[in-house]
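Each chain gets a letter, A, B and so on, in the order the sequences are listed, and its residues count up from 1.
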Number of protein chains: 2
Amino acid sequence: MARKQGSHSDITGPKVQQTALRLIAQHGFAAVSMRQIAAEVGVQAGALYNYTSDKQTLLFDLMRDHMVALLAAWEAEAKPDDPVARLDHFTRFHIRFHLPRADQVFVAYMELRNLTPENFAKVEALRRQYEDRLEDILRDGTAAGVFAMQDSRVTTRALIAMLTGLINWYRSDGRIETARIEAIYGDLVRKAVAV
Amino acid sequence: MARKQGSHSDITGPKVQQTALRLIAQHGFAAVSMRQIAAEVGVQAGALYNYTSDKQTLLFDLMRDHMVALLAAWEAEAKPDDPVARLDHFTRFHIRFHLPRADQVFVAYMELRNLTPENFAKVEALRRQYEDRLEDILRDGTAAGVFAMQDSRVTTRALIAMLTGLINWYRSDGRIETARIEAIYGDLVRKAVAV
DNA sequence: GTCTATATACGGATAGAC
DNA sequence: GTCTATCCGTATATAGAC
């Protein structure tokens, strides 16, 4: 690709996404202006519209990209055969993926209200796909007689809420190491659905 | 109190709170304008300032009132002596209090970013007080040898996140009754910290 | 691709009449 | 206590020059 004078699309593009993500996570979608994003990127507000058709699309792209990356990362994992080992693997994968991405998770959960109905449906479908991965594990383990629970769907949502809640308080500079967090939550999850 | 002409403070006051709560839960604090609140209350925007000094205070009052009501409701509960029974009682109380107050919970969790640092600290202190109620139960049960967990603080936050996550998906017109939800979550919590 | 300038609308908050 | 009117600032998005 030939480059035009003053062109920085390969730098500015990702920078717009990163900056928007950080600011929206910090202040909320409605509270962040395109001018504010542009200022932190280092361009004028009008220039942002070379990278997104409007503010709504910018938000949607952030949320969809996060969910797609999550699903892709899960697909790439090598999964154990044993249901108990698979559940522990899911727990640790979930924590390992989400903890370093607090901003993405924050936005993906908190800004659902600010999506158009069409965009909301798309993000929800992706989230549902991810939930199904855990529910499959729970159902397989129940069928195998190593898990016991009253309702696999409700349990799935309960466990994911517990795991994802981590990003609301965990700070990597805190008193607890990631490995210890994985162990604690691994225990809670395993015991909660044990026979 | 004598009433002035055109005075409706005893009606308008609560209505402002209710309307603001609903709109903020639905669209987010920054996305809701004082004009919009006023329109749904049925007054002009200027009249709102008879009930709140500014928009920030309106938000803070909603969040503080919710947390104070939660703590007061918990204090008023009759608590069992046995740690296992106390934990189950806490689980059911938490669900019973939070489920009918989805808007309050939503706002109290999602709009922390939009509080001034001073107001944030006050709300966080109240939340911490509530968490301590559960942690006390967990520690007592551990001391009594009926619970086992790696870290009572982390476990407290994990369990509260799991329980509160309910309001993100539970709809009272759905397929599951509240009593059943209480039973499902009661099982998960009890087993998660069992010896 | 980025800039400046602008169209058009809406924001929080206040003043003063009733 | 509520209204009308307004101050003053900022919002998204676009047009056209470079």
Side-chain angles (χ1 to χ4, degrees), chain A residues 1-24 26-63 107 111 113-116 118-119, chain B residues 1-24 26-63 107 111 113-116 118-119:
Chain A
M1 279 283 210
R3 290 278 303 282
K4 296 178 188 171
Q5 276 190 341
S7 165
H8 301 283
S9 70
D10 51 350
I11 300 172
T12 307
K15 216 171 167 186
V16 169
Q17 303 285 322
Q18 291 162 18
T19 305
L21 178 69
R22 181 169 47 79
L23 289 175
I24 292 172
Q26 198 168 353
H27 306 290
F29 176 70
V32 174
S33 69
M34 295 296 270
R35 279 177 173 81
Q36 197 179 346
I37 296 169
E40 298 224 6
V41 169
V43 296
Q44 291 300 313
L48 295 181
Y49 292 87
N50 290 313
Y51 301 96
T52 184
S53 55
D54 51 33
K55 199 186 174 193
Q56 165 71 208
T57 304
L58 179 57
L59 174 64
F60 171 64
D61 286 345
L62 290 175
M63 297 170 78
V107 170
E111 304 298 348
R113 297 173 295 188
N114 290 304
L115 290 175
T116 61
E118 297 77 23
N119 288 341
Chain B
M1 281 283 208
R3 290 277 302 281
K4 296 177 187 171
Q5 275 190 342
S7 166
H8 301 283
S9 68
D10 51 350
I11 301 173
T12 307
K15 217 171 167 186
V16 169
Q17 303 285 321
Q18 291 162 18
T19 305
L21 178 68
R22 181 169 46 80
L23 289 176
I24 293 171
Q26 199 168 351
H27 306 291
F29 176 70
V32 174
S33 69
M34 295 297 270
R35 281 176 174 81
Q36 195 180 348
I37 296 169
E40 298 223 6
V41 169
V43 297
Q44 291 299 314
L48 295 181
Y49 291 87
N50 290 313
Y51 302 96
T52 185
S53 56
D54 51 34
K55 201 186 174 194
Q56 165 70 208
T57 304
L58 179 57
L59 174 64
F60 171 64
D61 286 345
L62 290 175
M63 296 171 78
V107 170
E111 304 298 348
R113 296 173 296 188
N114 289 303
L115 290 175
T116 62
E118 297 77 23
N119 288 340

Exercise. So do B:Leu58 and B:Val16 actually touch side chain to side chain, heavy atoms under 4.5 Å?
Worked result: yes

Exercise. Which pairs count as side-chain hydrogen bond (donor to acceptor under 3.5 Å, both in side chains) when at least one residue sits in residues 29-54 of chain B, sequence neighbours excluded?
Worked result: B:Arg22-B:Glu40, B:Ser53-B:Thr57, B:Asp54-B:Thr57

Problem set entry | Sequence-distant partners of B:Gln17, side-chain hydrogen bond (donor to acceptor under 3.5 Å, both in side chains), two or more places apart | none

For this session: Take the protein atom CG of B:Asp54 and the nucleotide atom C1' of C:dG11, then report the distance between them rounded to whole Å.
Result: 14 Å

Problem set entry | CG-NZ distance between A:Asp10 and A:Lys15, expressed to the nearest 0.5 angstrom | 12.0 Å

Problem set entry | Nucleotide C:dG12, atom C1' - distance to CZ of B:Phe29 in whole Å | 10 Å

Exercise. What is the nucleic acid contact for A:Val32, judged by heavy atoms within less than 4.0 Å: base, sugar-phosphate only, or nothing?
Worked result: sugar-phosphate

Seminar exercise, completed: Distance col, row B:Phe29:CZ vs B:Leu59:CG, nearest 0.5 angstrom, shows 5.0 Å

Exercise. Taking atom C1' of C:dG11 as reference, at what distance in whole Å does atom CD of B:Gln56 sit?
Worked result: 16 Å

Problem set entry | Those residues that, when tested against B:Asn119, pass side-chain hydrogen bond (donor to acceptor under 3.5 Å, both in side chains) (two or more places apart) | B:Gln56, B:Thr116

Exercise. Counting just side-chain N and O atoms, does B:Ser33 come under 4.0 Å of either OP1 or OP2 of C:dC10?
Worked result: no

Exercise. For A:Glu111 and B:Arg113, what are the C-alpha separation, side-chain angles and deciding distance, and is it a salt bridge (charged side-chain N to carboxylate O under 4.0 Å, His left out)?
Worked result: CA-CA 13 Å; A:Glu111 304 298 348; B:Arg113 296 173 296 188; 3.3 Å; yes

For this session: Give the rounded distance in Å between these two atoms: CG of A:Leu23 and P of D:dA11.
Result: 12 Å

For this session: Give the rounded distance in Å between these two atoms: CE of B:Met34 and C1' of D:dC7.
Result: 17 Å

For this session: Check the distance between D:dG1's P and B:Lys15's NZ and give it to me in whole angstrom.
Result: 16 Å

For this session: For A:Gln36 and D:dT10, give me the distance from atom CD to atom P, rounded to whole Å.
Result: 12 Å

For this session: Taking only heavy atoms on the protein side, list every residue of residues 44-53 of chain B lying under 4.0 Å from any atom of DNA chain C, sorted numerically.
Result: B:Gly46, B:Tyr49

Exercise. Just to confirm, is there a sub-4.0 Å distance from OP1 or OP2 of D:dG1 to any side-chain nitrogen or oxygen of B:Thr12?
Worked result: no

For this session: Please state how far atom NE2 in B:His27 lies from atom P in C:dG11, giving the value in whole angstrom units.
Result: 12 Å

